[in-house]
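Below is one structure, written out as structure tokens, with a few remarks after it.
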Amino acid sequence: MVSDIRVRFAPSPTGYLHVGGARTALYNWLFARHAGGLMILRIEDTDVDRSKPELTTAILESLEWLGLKWDEGPIYQSERLDRYRAMALNLERAGRAYPCFCTPAELQTKRAKAESERRPWKYDGTCRALTEADRERLRAEGKLAAVRFRVPDSGVTTFEDIVFGHIEVDHRDLEDFVLLRSDGHPTYHLGVVADDLDLRITHVIRGADHISNTPKQILMYQALEAPTPIFAHLPLILGPDKQRLSKRHGATSVGAYREQGVLPEALVNFLALLGWTPRGQKEIVAIEEMIRSFDLAAVSKSNAVFDLEKLAWMNSEYLRSLPVERLLPLVKQELSGAGLAMGFKDGEQTEEKLRQTVFLLQSRARTLKDFPGAFRAFFTDDFAFDPEAVKKYWKDAAVAILLDELAGRMAATEPFDLAGTERTLRTLAEEKGVKAGVLINAARVALTGQGVAPGLFDVMLVLGRNRVVSRLRQAADRLRSSEGHGLSQGN
RNA sequence: GGCGCUAUCGUCUAGGGGUUAGGACGUCAGAUUCUCAAUCUGAAAACCCGGGUUCGAUUCCCGGUAGCGCUACCA
């Protein structure tokens with residue numbers, strides 16, 4: 001399906017891609033895909049002081065990682081300065097804008113004074129009625145001028161927002177805002193309108209923090225005698241304290257979640273559900289299904305708290321349902337990133353063994369980081385023993401003897417498979433008069449260093465007989481050597 | 001302060017003039033089991049307040065309150 005719908009995502013490179021920005025990008029993308037339209041990427045780098053080129057690269061990477069491919073761009077505002085100046089000049093010639101010689105310092109003073117007197121402040125129009133002669137004189141004095149838009153004295157501007165509905169603002173509440181700074185750089189308002197016009201954007205989908213800006217921009221479209229795009233504002237994403245999500249709430253950038261081992265599909269699914277519910281009761285929704293049912297009119301009007309717990313749950317759902325073939329390369333990346341290369345160095349861990357290991361572990365992984373982290377013992381012999389697990393499962397003095405005996409019998413178990421290893425262990429337990437669970441738990445700690453792991457016999461198969469036997473023996477040694485000096489006390 | 005917007009379980013939300021107000025995450029309890037995860041069963045948990053309209057409002061209208069946003073020569 002092809003349509004002439006054109007939307008854009010326009011981040012400014014003053015920070016990494018924020019999850020709020022990511023959701024805006026996602027909704028734009030879903031809307032375009034749903035309607036058969038195009039998404040244009042634009043970089044709003046007109047703030048020379050705060051914009052950093054390397055951040056643009058990072059933003060692009062994050063978008064790609066999320067799978068939100070844009071159709072045109074990126075277009076850089078910093079390369080279109082002439083266009084903005086020309087537009088400001090046009091507006092000036094048409095009497096819809098005027099040069100303003102007030103300095104930021106002067107304005108700041110007036111603003112502060114008004115505030116201290118608890119008077120509402122908006123630009124007082126000092127330069128509004130300047131004559132051409134006044135302007136010549138000021139320019140001759142070397143004064144720099146910004147260009148301000150002349151807001152009509154009366155009337156109201158209204159628009160129908162796809163998500164928020166009817167919005168109305170009285171012109172008396174709007175000030176003559178700056179279009180072009182005195183250094184010749186455009187402000188946000190000028191850049192957005194000029195670009196959205198030139199790029200023939202049909203739908204402006206952006207954060208609700210821009211609702212108040214919209215009437216100003218509509219006024220500009222009207223002054224330019226240009227058609228106004230359709231607007232759709234998205235509720236904001238909040239932290240747990242209901243304050244706008246920021247660094248102090250922890251990770252806010254897409255890149256940070258990537259580094260924490262979150263899958264892009266999970267983050268996308270989670271973000272999609274923050275403010276929008278696809279038809280049906282399912283929470284795990286495939287991207288194709290989202291595209292099919294996406295509807296801006298169904299987007300919520302209220303802000304949403306970013307719930308890390310739910311993201312974690314969703315990530316584990318995606319991790320679990322990922323085909324091993326697709327999970328395997330991701331795990332390998334994590335392992336080598338953690339210096340664990342591709343599993344055991346002795347070559348015992350073949351590709352197939354690695355696959356089985358990952359398959360065994362994937363149902364209990366919360367993030368990709370669990371593989372080099374909590375599951376470390378499955379990939380290297382250099383792992384630590386959890387003191388809590390040791391305390392809980394190795395407290396019986398007979399454990400050392402049992403583990404030694406178990407090692408011996410495992411060495412002789414034929415076949416070394418699920419049924420064989422289990423039979424061996426249960427037989428030993430019965431002979432020694434201990435509950436199988438005691439032996440199983442003690443062995444689990446010996447093999448993984450943890451009190452928590454997959455089923456013991458699955459673990460044994462994945463580790464392989466040699467490794468099982470040696471780890472059981474080492475554990476027995478460790479226990480004997482520490483007897484009487486504190487290991488059993490957990491320190 | 002001014003202006004704008006919003007308001008259903010702790011969180012994300014469905015719903016809508018008459019419902020036992022539904023689902024999901026989380027929480028708690030139980031089942032299962034070698035631990036954990038998963039799974040299954042069950043439980044606690046919400047319509048911000050006040051007026052109006054109406055036979056009947058959580059739903060529609062108004063007001064209040066609260067929260068958020070904007071109030072820059074940031075975006």
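Lettering of chains follows the sequences in order, A, B, ..., and the numbering in each one begins at 1.
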Any strand: nucleotide that pairs with [N] via Watson-Crick or wobble, under 3.5 Å:
{"N": "B:rG63", "answer": "B:rC49"}
{"N": "B:rC70", "answer": "B:rG2"}
{"N": "B:rG18", "answer": "B:rC55"}
{"N": "B:rC25", "answer": "B:rG10"}
{"N": "B:rA44", "answer": "none"}
{"N": "B:rA37", "answer": "none"}

Tell me which nucleotide among [options] gets nearest to the side chain of [X].
{"X": "A:Glu283", "options": "B:rG23, B:rC25, B:rU35", "result": "B:rG23"}
{"X": "A:Thr277", "options": "B:rC34, B:rA38, B:rU13", "result": "B:rU13"}
{"X": "A:Asp173", "options": "B:rC34, B:rC3, B:rG10", "result": "B:rC3"}
{"X": "A:Pro120", "options": "B:rG23, B:rG1, B:rA7", "result": "B:rG1"}

Take atom [atom1] of [X] and atom [atom2] of [N], then tell me their distance rounded to the nearest Å.
{"X": "A:Glu317", "N": "B:rA37", "atom1": "CD", "atom2": "P", "answer": "14 Å"}
{"X": "A:Leu274", "N": "B:rU11", "atom1": "CG", "atom2": "C1'", "answer": "10 Å"}
{"X": "A:Arg444", "N": "B:rC34", "atom1": "CZ", "atom2": "P", "answer": "10 Å"}
{"X": "A:Met460", "N": "B:rC34", "atom1": "CE", "atom2": "P", "answer": "14 Å"}
{"X": "A:Met314", "N": "B:rU13", "atom1": "CE", "atom2": "P", "answer": "12 Å"}
{"X": "A:Trp313", "N": "B:rG23", "atom1": "CH2", "atom2": "C1'", "answer": "11 Å"}
{"X": "A:Gln450", "N": "B:rA37", "atom1": "CD", "atom2": "P", "answer": "14 Å"}

Please step through side-chain hydrogen bond (donor to acceptor under 3.5 Å, both in side chains) for the pair A:Thr413 and A:Thr424, ending with a clear verdict. CA-CA 7 Å; A:Thr413 294; A:Thr424 299; 2.8 Å; yes
Applying a 4.0 Å non-hydrogen cut-off, can you work out what [X] is touching in the nucleic acid: base, sugar-phosphate, or nothing?
{"X": "A:Pro454", "answer": "base"}
{"X": "A:Gly207", "answer": "nothing"}
{"X": "A:Ile167", "answer": "sugar-phosphate"}
{"X": "A:Gln108", "answer": "nothing"}
{"X": "A:Arg426", "answer": "sugar-phosphate"}
{"X": "A:Ala453", "answer": "base"}
{"X": "A:Tyr393", "answer": "sugar-phosphate"}

Please figure out whether A:Leu311 or A:Val305 has its closest RNA chain B nucleotide nearer the 5' end. A:Val305
Find which nucleotide of RNA chain B each of A:Arg366 and A:Trp276 is nearest to by heavy atoms, and output the residue with the more 5' nucleotide. A:Trp276
Under 3.5 Å, is there any donor-acceptor pair linking the side chain of A:Lys282 to the base of B:rA24? no
Given the options A:Arg96, A:Arg128, A:Arg148, A:Asp176 meets salt bridge (charged side-chain N to carboxylate O under 4.0 Å, His left out) only with A:Arg128
Using atom [atom1] of each nucleotide, how far apart are [N] and [M] to the nearest Å?
{"N": "B:rC36", "M": "B:rA46", "atom1": "P", "answer": "31 Å"}
{"N": "B:rG15", "M": "B:rG23", "atom1": "P", "answer": "15 Å"}
{"N": "B:rU65", "M": "B:rU27", "atom1": "P", "answer": "38 Å"}
{"N": "B:rC70", "M": "B:rC47", "atom1": "P", "answer": "31 Å"}
{"N": "B:rC48", "M": "B:rA21", "atom1": "P", "answer": "15 Å"}
{"N": "B:rG22", "M": "B:rA44", "atom1": "P", "answer": "11 Å"}
{"N": "B:rC28", "M": "B:rA37", "atom1": "P", "answer": "11 Å"}
{"N": "B:rA14", "M": "B:rU19", "atom1": "C1'", "answer": "13 Å"}

Between A:Phe164 and A:Phe231, does the ring centre distance come in under 6.0 Å? no
Could you check whether A:Tyr188 and A:Tyr84 have their ring centres less than 6.0 Å apart? no
Can any side-chain N or O of A:Lys122 pair as donor or acceptor with the backbone N or O of A:Leu174 at less than 3.5 Å? yes
I'd like to know if the side chain of A:His249 reaches the main chain of A:Ser246, judged simply by a donor and an acceptor atom lying under 3.5 Å from each other, with no hydrogens or angles considered. yes
Could you pull out the closest heavy-atom pair between A:Val445 and A:Gly451, with the gap in Å? CG2-CA, 4.5 Å
Among A:Asn213, A:Asp209, A:Asp161, find the one that has a side chain to side chain donor-acceptor pair (under 3.5 Å) with A:His233. A:Asp161
With a 4.5 Å cut-off on side-chain heavy atoms, are A:Thr357 and A:Phe371 touching? no
Any ion pair linking A:Glu79 and A:Arg42 (charged N to carboxylate O, less than 4.0 Å)? no
Do the side chains of A:Glu283 and A:Lys310 get close enough for a salt bridge, i.e. N-O under 4.0 angstrom? yes
Hey, what do you get for CG (A:Leu263) to CZ (A:Phe270), rounding to the nearest 0.5 Å? 14.5 Å
Please list, for nucleotides 40-48 of chain B, all pairs of protein and nucleotide N/O atoms separated by less than 3.5 Å.
none

One character per nucleotide, please: for nucleotides 65-75 of chain B, 5' to 3', B when the base has a protein heavy atom closer than 4.0 Å, S when only the sugar-phosphate does, - otherwise. ---SBSSSBBB
Start with the C-alpha gap between A:Arg409 and A:Thr421, add the side-chain angles, then the distance that decides, and say whether side-chain hydrogen bond (donor to acceptor under 3.5 Å, both in side chains) holds. CA-CA 9 Å; A:Arg409 298 208 187 180; A:Thr421 49; over 6 Å; no
